[in-house]
Every structure is written in C-alpha cells, then in structure tokens.
Chemist: 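Sharing a structure here in structure tokens format.
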Number of protein chains: 2
Amino acid sequence: MDRKDRQIIRALQRNGRMTNQDLAESVNLSPSPCLRRLRNLEASGAIRGFTVDADPVAYGLPITAFVQVRLERHNEETVRQFEQRVTCLDEVQECHMLTGGTDYLLRVVVAGLDAYEDFIRNRIHPIGGIGSIDTSFVYGTVKKTGVYPMIG
Amino acid sequence: MDRKDRQIIRALQRNGRMTNQDLAESVNLSPSPCLRRLRNLEASGAIRGFTVDADPVAYGLPITAFVQVRLERHNEETVRQFEQRVTCLDEVQECHMLTGGTDYLLRVVVAGLDAYEDFIRNRIHPIGGIGSIDTSFVYGTVKKTGVYPMIG
DNA sequence: ACCTTTTTGGCATAATATGCCGAAATCCTA
DNA sequence: TAGGATTTCGGCATATTATGCCAAAAAGGT
C-alpha cells in the first residue's frame with residue numbers, strides 16, 4: 001500500500017465505476033499497471049468491494065435510525081446470539097461494537113414509523129438478553145462521503 | 001421506481017462494478033433497457049454515485065469513532081457555522097442531524113489516537129458554539145452492508 | 001557498479017458499452 | 001373490451017474498454 005494505491009482508492013471512492021483508463025490517467029499510470037494494482041488491492045482485501053450509493057427515500061425507505069443497544073449480560077451466549085441474529089436482519093445496514101455506555105450501534109432503514117415499531121417489537125426484542133434500546137432518527141444529513149482523507 | 005429498478009439497485013449494491021450484461025441477466029432484461037434504466041436512475045438522483053468499499057485499516061486509518069455533538073445554542077448562526085465547517089473536514093465521513101439528546105452524530109476516521117486528539121482540539125473545538133462532545137470508538141464491526149431490504 | 005527483483009508500458013485480442021431502430025407490451029379512454 | 005397512444009423492450013452495428021503477454025525500464029540489495 002503505497003502512495004499510488006491510496007490515490008487509486010481515493011479516485012474510486014469518488015467514482016467507483018470510472019473506467020480503468022480514466023483511473024490510470026488520474027493517478028499518472030498507463031492502464032496496464034493501474035489495472036494490476038486494482039486487482040492486487042482486491043485480492044489483498046484492501047478493496048472489499050464496489051457499491052452504489054442509492055437514495056433510500058427514492059428507493060422507498062424514508063426512515064433511517066441509529067439504534068444504541070445495551071445487553072443485559074455479557075456472557076458469550078448472549079453476545080453470540082445477538083450478533084448472529086442481528087446479522088440476518090435486512091433492515092440493519094451496520095452494526096458496530098462501541099466503547100462507552102452502549103454495547104452496539106446499529107444503523108437501520110425502514111419504510112415508515114410503523115415498520116420501525118414492527119422492527120423493534122418483532123425483530124429485535126425477540127432476540128432476548130437486551131437491556132436497553134435508545135433510538136435516534138435521522139432528520140437530515142449534513143455530510144456523507146466515502147472518500148478517505150489524504151495520507152502521505 | 002418499480003420492482004425492476006429496485007432489483008437493479010440491489011444488484012449494484014452487492015457489486016457496483018458488475019458489467020451491464022451481468023446486471024441485465026440478474027434482473028431478467030436484455031442489456032439495452034437495463035442500461036437505460038441505470039442511466040435514468042442516475043439522472044433522477046435515485047442513484048447518487050458509485051463508490052469502493054476500502055478497508056480503512058489497510059489504507060492507514062485504524063481508528064473509527066462515532067462522535068455525538070451538542071451545540072450550546074441553536075440560533076441560525078451557530079448551526080450554520082458548525083455545519084459549514086464540519087463539511088470541510090476530511091476526517092468526517094458522515095454527519096447526521098438526530099432526534100433525541102444529541103444534535104449531530106459524526107463518523108470520523110483517523111490514523112491513531114493522537115490524530116484523534118488533534119482532530120478534536122484543533123478542528124472541532126475551534127469551530128465554537130459546541131456544548132458537549134461524546135466520543136465512542138469502534139472496536140469491532142458485526143455487520144456492514146450497503147444492500148437495502150427487499151420491498152414489494 | 002552489477003545483478004536480481006519488481007514494476008511499468010505497449011500491443012493484439014476479447015469483452016463490453018452505446019445509440020438507433022422496429023417490435024412488443026402496457027396504459028388510458030370510450 | 002376494443003382501439004389507439006405511450007412506454008418499454010430486444011437486437012444490431014459501432015465505438016470504447018478490459019485483459020493477458022512480452023520486452024524494457026526502474027528499484028533494491030550486495
């Protein structure tokens with residue numbers, strides 16, 4: 001992972017579907033070595049994959065919520081059960097383990113407030129072992145970028 | 001935005017760089033109308049862009065933090081100033097406005113704990129008008145997907 | 001300075017995207 | 001439900017792009 005690899009990543013974070021020729025030009029390489037670097041970044045896991053940034057409202061998911069979850073107990077079985085079940089829920093876009101007061105932070109997308117109530121009651125609570133849930137709804141996004149800061 | 005458009009979005013969320021021919025096959029269309037739908041989704045804003053999912057650790061950003069920010073006052077000038085300044089900070093990958101106890105939730109990536117301290121002291125605090133900052137570091141990610149749940 | 005290893009650039013071929021056309025399907029109205 | 005208008009589709013020709021291979025240049029070590 002040298003300076004050129006980071007340039008390639010940043011260029012693709014700005015436009016993940018740009019052609020290899022444009023990518024090569026933007027990092028001052030000819031197409032051949034540029035494509036080889038890209039494939040190496042994929043093979044090494046530095047590039048996990050490519051995605052599309054779709055407007056959730058246009059898609060039909062107008063509600064985004066951040067959900068802070070605390071477990072009742074932290075024995076292995078409770079933790080394992082929670083993580084395994086949460087991974088299977090399509091509404092959960094992310095689930096992170098956090099330092100501080102809460103154990104997990106989830107980002108959840110749903111079609112409406114009624115769908116959110118259904119999600120909490122019939123998807124989350126049945127998992128069991130949950131101590132507390134604290135929901136914050138997103139009512140505006142000031143910034144959203146996938147471009148990492150420059151290094152070196 | 002019909003069923004096929006949502007299929008296209010979900011397919012591209014799984015692999016944003018798949019060829020139009022593979023995409024067409026996965027949604028049971030021939031390449032021509034599939035590409036036309038894709039271009040329409042881009043033009044309408046339903047598709048905002050394409051990105052690469054890069055491993056921040058491999059890139060050189062091992063620390064990810066969620067930062068909850070409350071402002072001292074909520075007059076227009078304080079809010080405008082905060083949002084304008086935060087948008088310019090490369091370490092800030094996301095900034096959302098939230099219901100509940102905190103005004104803003106930021107996702108921040110940095111090269112280390114010292115870089116985080118520098119970020120808070122020399123980038124965030126100088127903005128002014130900030131009431132409180134509550135940082136939670138990510139020490140594990142249970143799930144991270146860009147694929148929306150199926151609708152219809 | 002020499003040799004080894006790695007990375008690069010160019011080229012030929014295969015795969016893909018793009019734009020345009022007529023045909024099929026869908027939708028609206030009577 | 002029949003008719004006509006509108007939308008969406010599939011196929012084809014052309015232009016653009018990706019891929020794999022080889023020799024040359026650059027980088028690194030002794």
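None of the values given here were measured: they were computed from a predicted structure. Numbers restart at 1 for each chain; the letters A, B, ... are given by sequence-line order, proteins then strands.
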Chemist: Establish, with yes or no, whether the OP1 or OP2 oxygen of dT7(D) is under 4.0 angstrom from a side-chain nitrogen or oxygen of R36(B).
Modeler: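 No, outside the criterion.
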Chemist: With heavy atoms under 4.0 Å as the rule, sort S30(A) into base, sugar-phosphate or nothing.
Modeler: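 The answer is base, as S30(A) lies within the cut-off (heavy atoms under 4.0 Å) of a base atom.
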Chemist: Write down the distance between CG (D5(B)) and C1' (dC9(D)), rounded to a whole number of angstrom.
Modeler: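 Those two atoms, CG and C1', are 14 Å apart.
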Chemist: Taking atom types as they are modelled, is there a donor-acceptor pair under 3.5 Å from the base of dG11(D) to the side chain of S32(B)?
Modeler: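 Result: at least one qualifying N/O pair found.
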Chemist: Keeping D53(A) on the side-chain end and F50(B) on the backbone end, is there a donor-acceptor pair under 3.5 Å?
Modeler: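 No: the side chain of D53(A) does not pair with the backbone of F50(B).
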Chemist: Starting at atom CG of L35(B), determine the distance to atom P of dG19(C), rounded to an integer number of angstrom.
Modeler: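 So the CG-P distance, L35(B) to dG19(C), works out to 8 Å.
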Chemist: Please state how far atom CE in M18(A) lies from atom C1' in dA17(C), giving the value in whole angstrom units.
Modeler: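 Between C1' of dA17(C) and CE of M18(A): 17 Å.
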Chemist: So which atom in Q13(A) and which in T51(B) form the shortest heavy-atom distance, rounded to 0.1 Å?
Modeler: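 Shortest heavy-atom contact: O-CG2, 3.3 Å.
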Chemist: Rounded off to whole Å, could you give me the CG-to-P distance for the L29(B) and dT26(C) pair?
Modeler: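 For the pair L29(B) CG and dT26(C) P, the rounded distance is 13 Å.
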Chemist: Let me know the distance between CG of D2(B) and P of dT7(D), rounded to the nearest Å.
Modeler: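 So the two atoms are 15 Å apart, to the nearest Å.
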Chemist: What is the distance, to the nearest angstrom, from the CZ atom on R39(A) to the C1' atom on dA18(D)?
Modeler: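 One finds 8 Å between C1' of dA18(D) and CZ of R39(A), rounded.
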Chemist: Does a side-chain N-to-carboxylate-O contact under 4.0 Å join R48(A) and D55(B)?
Modeler: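 A salt bridge is present here (some side-chain N lies under 4.0 Å from a carboxylate O).
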Chemist: I need the CZ-P distance between R17(B) and dA15(C), as an integer number of Å.
Modeler: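 The answer, rounded to whole Å, is 18 Å.
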Chemist: Just how far, in rounded Å, is P of dC11(C) from CG of N20(A)?
Modeler: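 The answer, rounded to whole Å, is 17 Å.
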Chemist: Look at R37(B) together with D2(B) and state whether they make a salt bridge at an N to O cut-off of under 4.0 Å.
Modeler: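 Yes, charged N to carboxylate O under 4.0 Å.
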